[in-house]
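Working notes, beginning with the structure itself.
These numbers were taken from a predicted model, which means no experiment stands behind them. Chain letters run A, B, ... following the sequence lines, proteins first, then strands; residues in each count from 1.
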Amino acid sequence: MIKRAIIFFFICFSAHGQTPAIFADLSDHLIAIHTGFKGADLVLFGASKIDHDIVVMIKGPNKNFSIKQKTRNYGLWMHGNQIEMPNIPSYFKLASTAPLENILTENDLVRHQLSLKTLALGLDEKFRTAFIDDMMKKNMFLEEPTSVDFIGTNLFRVKLNFPSDVPPGIYTVHVFLVKDKIITDAQSIPLHINKIGLSADIFALAHSEAYLYGLFTILCAIFFGTLAGFILKRR
Amino acid sequence: MGVYLPIAEMNVDVSLLFGLGAIVGYLAGLLGITGGFLVTPILIFIGIPPPVAVASQANQLIASSISGSISFARHGKVDYRLAFVLLIGGIMGSICGVYIFTLLKYYGHIDLVIKISYIVLLTSMGLMIFIESIKSLLHLKKKRSSRILKERFKWFRNLPLKIKFTRSKLEISLLAPLMIGFVVGVLLSILGIGTIVMIPAMIYLLRMPGSMVPGTSLFQIIFVACSVTLLHAVTNHSVDIILALTLLLGSVIGAPLGSRMSQKLPPEYLRFFLALLLLGMSSKLIFDAFSTPKDLYTIEVLYD
């Protein structure tokens with residue numbers, strides 16, 4: 001299916017007459033989180049001018065995080081004060097055709113927050129490192145230079161992976177075209193990661209009808225508890 | 001096989017949750033303890049956000065305590081009158097507990113208080129029960145000493161407002177179980193542990209017959225678990241019904257097995273087993289508190 005999409009895309013692209021500098025799309029614009037969701041793989045594919053570098057950045061919905069440092073007091077390890085971090089992307093992935101420092105200027109990296117190093121977190125160095133390490137361990141932050149593959153001279157593709165605990169919301173895929181350390185073109189593609197079906201209904205009910213949902217969970221528990229108590233009578 | 005938890009927002013292996021539920025259910029049936037001190041840390045360890053772990057655990061507790069207490073009730077091992085008194089104390093205690101919790105949070109020592117109280121409570125309870133059960137297992141106790149035991153904490157049972165608890169063959173002050181219920185309610189809302197303190201208190205302070213203890217404790221915890229579930233569902237939206245149902249299916253199978261086992265095992269063995277559990281958990285807590293942690297930082301998503 002992906003292959004067919006690429007071919008289709010290629011036909012459209014070549015029929016287009018005037019060549020856009022870059023054009024990319026995702027193999028799917030919606031990731032549905034259903035009850036058996038185990039994570040998802042997507043392909044970002046596109047075409048660009050020859051001899052350019054590609055940088056792909058994906059950002060997930062912003063969330064508020066808290067970070068606490070453990071400190072030793074009277075020999076006991078315990079949590080110190082909580083530092084709150086508002087509006088931090090909950091998912092960040094960066095892919096490029098070459099290491100970022102080789103293809104972009106420091107200025108652009110900072111301005112577009114194009115790397116884990118330049119991502120604005122509003123934290124001092126030690127908390128910043130701890131936060132990024134933790135997010136990388138959870139597969140939510142990832143920087144993969146050279147993970148953009150070229151097919152032939154001007155077609156490219158990147159494999160994207162979203163783990164099962166990926167936060168639902170609207171993601172944005174930014175694709176940058178780079179030549180001689182200058183960004184010459186850019187494109188943004190939205191990606192929706194939504195709960196679908198039962199898991200969506202449960203989440204919605206738990207938030208909009210909290211009392212009803214709470215009573216329902218209690219009734220469920222009472223029902224199963226009573227059932228089990230009587231069914232599993234001795235022997 | 002994995003299942004996606006809609007509130008925790010992650011995929012978890014079903015058999016893991018099912019097994020965990022079965023173990024907790026078994027313990028609930030066997031000893032009448034709710035096992036929150038075992039399950040909640042394990043759920044958090046596999047990556048479930050702490051508010052979701054605590055709330056969903058309370059929900060599955062309703063089911064396992066119902067199915068457990070049905071088995072006990074069938075053998076006449078539930079003292080409803082005593083459970084009711086404990087329950088009233090528990091509700092008053094949990095209201096005070098919430099207030100103390102906010103006060104401690106305000107003064108910023110909540111983390112230290114929780115950690116130290118956990119260690120002190122689990123260790124002292126564990127040691128106390130351990131020594132008692134070893135003594136009775138080795139038949140070190142003589143008839144004379146059992147009379148001394150009967151005298152112990154007599155003043156507590158002899159407080160004013162004496163009433164009869166026929167099922168437990170007790171004639172003690174109404175205030176005694178009320179106070180125990182109260183203290184457990186306070187502990188439950190601050191520390192999230194309750195039955196582990198209530199059971200030794202019922203055995204050693206009230207001198208309740210050992211066979212009546214688990215059933216009565218389980219029966220009164222049904223109501224506490226219901227109110228905790230509703231409270232979490234309304235204030236934090238953190239009850240994950242899929243998580244609770246999976247744990248629950250395991251626990252409703254485990255609970256009757258545990259309670260059948262408890263009919264066969266003499267109470268000394270039950271106490272010994274409980275003591276081992278407590279001491280094991282407390283030594284783990286002490287070890288964790290003093291050894292350098294693997295991750296020096298804790299990072300969480302804040303829920304609004």
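Looking at B/Thr298, the atoms closer than 4.5 Å to chain A (heavy atoms on both sides) sit in the backbone and in the side chain alike. Looking at A/Ile33, only its side chain comes within 4.5 Å of chain B, counting heavy atoms on both sides. Contacts between A/Lys63 and chain B at a heavy-atom distance below 4.5 Å involve the side chain alone, from C-beta outward. In this structure, chain A has no heavy atom under 4.5 Å from any part of B/Leu257. With a 4.5 angstrom heavy-atom cutoff, A/Lys137 touches chain B only via side-chain atoms. B/Ser291 touches chain A through its backbone: at least one of N, CA, C or O sits under 4.5 Å from a heavy atom, while the side chain does not. Contact annotation for B/Ile242: only side-chain heavy atoms (C-beta onward) come within less than 4.5 Å of a heavy atom of chain A. With a 4.5 angstrom heavy-atom cutoff, B/Leu249 touches chain A only via side-chain atoms. Both the backbone and the side chain of A/Phe224 come within less than 4.5 Å of a heavy atom of chain B. Only the side chain of A/Lys195 has a heavy atom closer than 4.5 Å to any heavy atom of chain B.
Heavy atoms of other residues, nucleotides or ligands lying less than 6.0 angstrom from CD1 of A/Ile170 number 12 at most. More than 12 non-hydrogen atoms from other residues, nucleotides or ligands lie less than 6.0 angstrom from CZ of A/Phe127.
Highest contact tally toward chain B, considering only A/Ala200, A/Cys220, A/Pro163, A/Pro168, is held by A/Pro168 [criterion: heavy-atom pairs under 4.5 Å]. The residue among B/Ala63, B/Ser251, B/Ala233 with the most heavy atom pairs within less than 4.5 Å of chain A is B/Ala63. Most heavy-atom pairs under 4.5 Å with chain A, from the set B/Leu248, B/Ile62, B/Val14, B/Asn59: that is B/Asn59. Residue with the most contacts toward chain B among A/Ala210, A/Ser164, A/Ala130, A/Gly39: A/Ser164 (heavy-atom pairs, distance under 4.5 Å).
At a threshold of 4.0 Å, the pair A/Lys138-A/Asp134 counts as salt-bridged, since one of the basic side-chain nitrogens sits closer than that to a carboxylate oxygen.
Of the residues listed (B/Phe223, B/Phe72, B/Phe219), the one engaging B/Tyr80 in a ring-ring contact (aromatic ring centres under 6.0 Å, His included) is B/Phe219, and it is the only one.
A/Leu119 has its side chain within reach of A/Lys59: a pair of non-hydrogen atoms, C-beta onward, lies under 4.5 Å apart.
Of the inter-residue distances, the one linking A/Glu144 atom CD with A/Asn161 atom CG reads 9.0 Å to the nearest 0.5 angstrom. For the atom pair CD of A/Glu84 and NZ of A/Lys68, the computed distance is 10.0 Å after rounding to the nearest 0.5 Å.
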Exercise for the section: Run the numbers on B/Lys284 and B/Asp288 for salt bridge (charged side-chain N to carboxylate O under 4.0 Å, His left out), then give the verdict. Expected result: CA-CA 6 Å; B/Lys284 170 151 184 10; B/Asp288 285 350; 2.5 Å; yes

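Ring pair A/Phe176/A/His174 is parallel by interplanar angle, where below 30° counts as parallel and above 60° as perpendicular.
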